[in-house]
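Please read the structure below before turning to the comments.
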Amino acid sequence: MNKDFVSIADYSREEIESIFELTAELKAKTKKREEHHICKGLTMSMIFAKPSARTRISFETGMYQLGGYALYLSPNDIGIGKREAVKDIARVISRYNDIIMARLFSHDHMLELAEYATVPVINGLTDYNHPCQIMADIFTVKEHRGNLNDLKITYIGDGNNIANSWINLAAKLPMHLVICAPGGYEPDKATLDFAAQAGLSKVEVLANPVAAVKDADVVYTDVWASMGQEAEAAERRKIFMPYQVNSELMKHARKDAYVMHCLPAHRGDEITDDVVDSKQSIVFDEAENRMHVQKAVIARLLGRG
Ligand code: CP
Ligand code: NVA
């Protein structure tokens with residue numbers, strides 16, 4: 001297996017499914033409060049160049065449950081790529097810790113970190129992708145639906161890091177994936193080409209939300225302005241308002257369609273209160289599963305599971 005977990009694109013379908021088997025095992029143990037210190041004595045540095053709730057809490061708690069220790073490095077601590085070169089910090093941390101988790105702006109910095117670190121690197125989000133999130137998301141869909149057969153996922157909103165990771169997943173697991181974004185906010189072209197070349201899934205980019213959610217099993221959205229795009233928030237709000245996931249739009253999806261959002265949600269913008277709090281919403285299950293999936297990724301990369 002790859003040394004690092006930087007993109008779903010680097011993993012085979014078998015490896016992804018095997019991570020999910022380990023996830024289910026570790027989740028069951030966690031629920032039963034059965035000790036599973038398979039990473040006893042191992043340590044993980046968590047580098048955060050951006051804010052976080054779920055990623056920090058789930059990784060730190062997960063590492064503790066595995067018997068290891070995780071240390072949080074805030075945006076003020078390392079200054080990766082500014083105070084110190086990425087390759088230097090990669091080599092330094094590799095002398096202290098067994099594994100690194102990082103949330104960075106630049107995806108190139110993530111690749112450089114993985115290249116120069118002698119220990120595994122897990123991507124906890126970059127401007128380009130968010131692989132841990134989408135692994136947790138699809139695991140959640142499978143838990144709720146029982147299988148992933150004939151699955152239609154519609155992602156509505158900005159063609160951002162979340163959209164790119166969904167497309168990478170569609171290159172590995174068969175699905176019908178629709179990305180619905182306004183002109184100029186489509187996802188990464190090279191990633192779309194990658195999924196098209198894989199030839200496993202039907203991946204469409206549409207501009208009309210009503211057409212996009214038709215027959216969808218999952219309607220997924222994310223913030224319109226990602227971390228780092230705060231200055232564009234007002235302008236984006238105007239452009240994206242027709243892409244809001246509200247009860248009117250949900251009428252055009254399957255009656256039993258699941259609603260998903262990686263969170264944090266900007267209630268009243270990309271998703272309305274009634275939809276995010278509806279029975280169809282599984283947003284907190286997906287948030288929970290971040291921890292279970294990431295524990296499996298950590299254990300697998302460390303050769304402990
Ligand atoms: N979904 C997610 O990654 O949440 P945080 O930004 O709070 O970590
Ligand atoms: N697209 C969002 C995801 C947050 C988990 C962002 O990058 O801010």
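In this chain, residues are counted from 1 in sequence order. Both ligands and their constituent atoms are indexed starting at 1 by order of listing.
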**Item:** Closest protein heavy atom to atom 7 (O) of ligand 1, given as residue, atom name and distance to 0.1 Å
**Value:** A53 N, 2.6 Å
**Message:** Please confirm whether R56 approaches ligand 1 to less than 4.0 Å, judged on its heavy atoms.
**Reply:** no
**Message:** To check your reading of the model: name the closest protein heavy atom to atom 4 (O) of ligand 1, its residue, and the distance in Å.
**Reply:** R54 NE, 2.8 Å
**Prompt:** Are any of the heavy atoms in L263 under 4.0 Å away from ligand 2?
**Reply:** yes
**Request:** Specify the protein heavy atom at minimum distance from atom 3 (C) of ligand 2: its residue, its atom name, and the distance to 0.1 Å.
**Result:** D222 OD2, 3.6 Å
**Asked** For the side chain of N161 and the backbone of T126, is there at least one donor-acceptor N/O pair under 3.5 Å apart?
**Response** yes
**Request:** Looking only at protein heavy atoms, identify the closest one to atom 2 (C) of ligand 1 and say how far it is in Å.
**Result:** R290 NH1, 3.3 Å
**Residue part near ligand 1, for H130, under 4.0 Å between non-hydrogen atoms** = side chain
**Message:** Below 4.0 Å, non-hydrogen atoms only: which portion of L125 touches ligand 2? Side chain, backbone, both or neither.
**Reply:** side chain
**Request:** State yes or no: are the ring centers of W224 and Y185 separated by less than 6.0 Å?
**Result:** no
**Partner of S165 by side-chain contact (heavy atoms from CB on, under 4.5 Å), out of T191, L125, I134** = I134
**Asked** With no hydrogens and no angle check, is any side-chain donor or acceptor of S201 less than 3.5 Å from a backbone partner on A170?
**Response** yes
**Message:** Evaluate K50 for polar contact with ligand 2, using N/O atom pairs at a separation under 3.5 Å.
**Reply:** no
**Prompt:** Has ligand 1 got any nitrogen or oxygen that is less than 3.5 angstrom from a nitrogen or oxygen of M227?
**Reply:** no
**Asked** Counting distance only, does the side-chain N/O of E186 pair as donor-acceptor with the main-chain N or O of G184 below 3.5 Å?
**Response** yes
**Asked** Do Y72 and F59 have ring centres separated by under 6.0 Å?
**Response** no
**Prompt:** Got the closest protein heavy atom to atom 6 (O) of ligand 1, with its distance?
**Reply:** R103 NH1, 2.8 Å
**Asked** Is M227 in polar range of ligand 2, meaning some N or O pair under 3.5 Å apart?
**Response** yes
**Asked** Is it the side chain, the backbone, both or neither of L263 that has a heavy atom closer than 4.0 Å to ligand 1?
**Response** backbone
**Polar atom proximity, S226 to ligand 2 (N or O, under 3.5 Å)** = yes
**Request:** Test E14 against K172 for salt bridge (charged side-chain N to carboxylate O under 4.0 Å, His left out), laying out the working first.
**Result:** CA-CA 9 Å; E14 292 68 32; K172 304 294 170 170; over 6 Å; no
**Asked** Does the ring centre of Y64 sit less than 6.0 Å away from the ring centre of Y69?
**Response** no
**Request:** Report, in ascending order of atom number, the atoms of ligand 2 lying under 4.0 Å from any heavy atom of N161.
**Result:** 1 (N), 2 (C), 6 (C), 7 (O)
**Request:** Output the list of atoms in ligand 1 that are nearer than 4.0 Å to some heavy atom of C262, sorted by atom number.
**Result:** 1 (N)
**Message:** Using only atom types and a distance under 3.5 Å, with no angle test, would you say the side chain of R103 pairs donor to acceptor with the backbone of P51?
**Reply:** yes
**Prompt:** Do you know the tightest heavy-atom contact between I89 and E84?
**Reply:** CD1-OE1, 3.6 Å
